[in-house]
Trainee: 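The following block contains the structure, expressed as structure tokens.
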Amino acid sequence: NEDLWTLRASFGTDRLRNAVHGSQDEFAAFREVDFFFPSVGRYERTFALIKPEVVGEGKVDSVVRDLEANEFIVVAQKTVPVTEAAAADLYRESKEQTNYPALVSSTTGDNVALILER
């Protein structure tokens, strides 16, 4: 049961296929920020990854507008091609979950990585 203010609750379509990956907790956010933005220092911020399906549909600007309408500030944004191996590494802590293959496949391709603060 996701809290109503989370990225996953606001933008996810279901538990297997989300339009936006939101950090699970503060530790995960730090790890994910470091993964996609290694030169940025640590702040009280969160990470979001707009996945390839949404990028391919040309809906990145719409997602960003929705995030900003929910009082998020986009601190950094970049397009990141994610290989299957990199996606597997990103979700390595979920490897034993039944949705792991879907997580990896839904993240493989061109993603838009965001650092958000609110």
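From a predicted model like this one, the values you see are computed outputs, not experimental measurements. Reckoned from all heavy atoms, side chains included, excluding hydrogens, waters and symmetry mates.
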Trainee: Short question: side chain of Asn70, backbone of Asp66 - any donor-acceptor pair under 3.5 Å?
Mentor: yes
Trainee: Please report the closest heavy-atom contact between Leu90 and Leu49, naming both atoms and the distance.
Mentor: CD2-CD2, 4.3 Å
Trainee: Do Val74 and Val54 share a hydrophobic cluster (ILVMFWY, side-chain heavy atoms under 4.5 Å, transitive)?
Mentor: yes
Trainee: Which residue is it: Phe72, Phe36, Phe35? I am looking for the one with a ring-ring contact (aromatic ring centres under 6.0 Å, His included) to Phe47.
Mentor: Phe36
Trainee: Between Glu57 and Lys59, does any side-chain N to carboxylate O distance fall below 4.0 Å?
Mentor: yes
Trainee: To the nearest 0.5 angstrom, please state how far the CD1 atom of Ile50 sits from the CG atom of Leu67.
Mentor: 6.5 Å
Trainee: Taking atom CD of Glu68 as the centre, report whether more than 12 heavy atoms of other residues, nucleotides or ligands fall under 6.0 Å from it.
Mentor: yes
Trainee: Can you check whether Ser23's main-chain N or O pairs, donor with acceptor, with Arg31's side chain at less than 3.5 Å?
Mentor: no
Trainee: Provide the closest heavy-atom pair for Val80 versus Ala113 in the form atom of the first, atom of the second, distance.
Mentor: CG2-CB, 3.9 Å
Trainee: Specify the closest pair of heavy atoms between Ala87 and Thr107, including all atoms of both residues, with the distance to one decimal.
Mentor: CB-CB, 4.1 Å
Trainee: To the nearest 0.5 Å, how far apart are OG in Ser105 and OH in Tyr91?
Mentor: 10.0 Å
Trainee: Mind checking the CG-NZ spacing from Asn111 to Lys78? Nearest 0.5 Å is all I need.
Mentor: 12.0 Å
Trainee: Can you confirm whether Val112 sits close enough to Gln77 that some side-chain heavy atom of one is under 4.5 Å from a side-chain heavy atom of the other?
Mentor: yes
Trainee: Counting N and O atoms only, with roles assigned by atom type, does the side chain of Asn99 sit under 3.5 Å from a partner on the main chain of Ala102, one being a donor and the other an acceptor?
Mentor: no
Trainee: Would you say the side chain of Leu103 lies within less than 4.5 Å of the side chain of Ser94, judging by non-hydrogen atoms?
Mentor: yes
